[in-house]
Amino acid sequence: DFTLRDKTDFMPQKGLQEKFCASECNLIFIGGAATSGKTYSMFLKYLNGLGENHIGYTGRIISVRLQDSKKGSSIFRDAVEVCGNFAGCEYNSSDYPTFTWKQWNASLQLIHANFNADNPSEWDEFRDFIKKQQASYIAIDEATEIKQFKMFNYIFSRNRDSSGMTPCMALSFNPEHNHFTTTMLKDAGYLDDNWYLRPEMDNVVRYFYMAGDTENDIIWGVTPEDVIERAGITISESDRKAGITDKDIVKSYTMITGE
């Protein structure tokens, strides 16, 4: 039998944490009660990808509020508890606390991104900032603090690196009626006619294609083939020979809840 070492080895709790860490979706919404372990799960999910098979693996935990990402915040304390003693991690407590694993050239950084995208100059600043945050794992805490869909969409476009990890972006939040996350949940079939989450849709996978610049332009489907047909996507023979597949164009999505 294997005995977990205190503050060194971690096992996700059954429920939200276990489902989230096991999910292979490109985009994951997570919500639930404060006791369901949403923040811990964001760090555990990152640790899933560490190792010699993913050299150069990068992650970002994004908060809108400055105080949430800095030393002394609850997110920083959670990060130290989960990541700080894992596999020889080294970390600092700068304005953007960074956790590194030198043996794999891997890093996880806590950042804040408080920009008003309706202001043209701040939108330019935001894009310049996010260009530098490219990572194959991105998690946004309290994602409803990001009010504009175009901000989410731009971050999603930077969800990649050269480590070989499947890109994953996670949004943790409590639903708000007038928010792009709720529109996405409704259009994807996760909400009932009264705008409540359908219990039977918990952790069910759907697929989507960003066909435009707003949440209303997303094309949803039950399978990748379904989305490709609805969107009228064609992959040329030359692109296929170059290695481009349906999964490079159509992304997977789920909503995971916890009580």
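Residue numbers start at 1 and run along the sequence shown. Computed from a predicted model, the values in this text were never measured in an experiment.
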Q) Within a strict 4.5 Å, meaning less than it, do heavy atoms of the Phe173 and His179 side chains meet? A) no
Q) How about Arg127 and Ile130: do any of their side-chain heavy atoms sit closer than 4.5 Å? A) no
Q.
Counting C-beta onward and ignoring hydrogens, is there a side-chain heavy-atom pair between Met184 and Ile218 closer than 4.5 Å?
A. yes
Q | Derivation and outcome, ring-ring contact (aromatic ring centres under 6.0 Å, His included), residues Tyr190 and Tyr253 | A | CA-CA 11 Å; Tyr190 290 80; Tyr253 165 84; 5.4 Å; yes
Q) Is a side-chain donor or acceptor of Tyr137 paired with a backbone partner of Met42 at a separation under 3.5 angstrom? A) yes
Q) Should the pair Phe126 and Phe115 be assigned to parallel (<30°), tilted (30 to 60°) or perpendicular (>60°) ring geometry? A) perpendicular
**Q.** Arg230 with Asp226: basic N within carboxylate O range, under 4.0 Å
**A.** yes
Q) Are His112 and Tyr96 close enough that some pair of their side-chain heavy atoms sits under 4.5 Å apart? A) yes
(Q) Determine whether a donor-acceptor pair (N or O, by modelled atom type, separation under 3.5 Å) exists between the side chain of Arg198 and the backbone of Gly189. (A) yes
Q.
Using a 3.5 Å distance criterion without hydrogens, assess whether the side chain of Asn203 forms a donor-acceptor pair with backbone atoms of Ile256.
A. no
Q: Measure the acute angle between the ring planes of Phe152 and Phe149, then classify it against the limits of 30° and 60° as parallel, tilted or perpendicular.
A: tilted
**Q.** Side-chain donor-acceptor contact under 3.5 Å, Thr39 with Asp78
**A.** no
Q) So, for Gln17 and Leu44, which heavy atoms are closest and what is the spacing to 0.1 Å? A) OE1-CD1, 3.7 Å
Q. Should Val222 and Tyr209 be regarded as members of a common hydrophobic cluster, given that ILVMFWY residues are connected when their side-chain heavy atoms come within less than 4.5 Å of each other, either directly or indirectly?
A. no
Q. Are side-chain N/O atoms of Thr214 and Asp217 paired as donor and acceptor at under 3.5 Å?
A. yes
Q. Do Leu197 and Leu191 come close enough that some side-chain heavy atom pair is under 4.5 Å?
A. yes
Q.
Against Tyr46, only a single residue in Tyr40, Tyr57, Phe99 fulfils ring pair (Phe, Tyr, Trp, His ring centres under 6.0 Å); can you say which?
A. Tyr57
**Q.** Student check: side-chain heavy atoms of Glu90 and Lys102 closer than 4.5 Å
**A.** yes
Q. Where does the angle between the aromatic ring planes of Phe208 and Trp220 fall among parallel (under 30°), tilted (30 to 60°) and perpendicular (over 60°)?
A. tilted
Q | Met201 vs Arg206 side-chain heavy atoms within contact, under 4.5 Å | A | yes
Q) Hey, are Glu215 and Lys186 close enough for a salt bridge, meaning a charged N less than 4.0 Å from a carboxylate O? A) no
Q) Can you find a pair of side-chain heavy atoms, one from Val250 and one from Glu225, that are under 4.5 Å apart? A) no
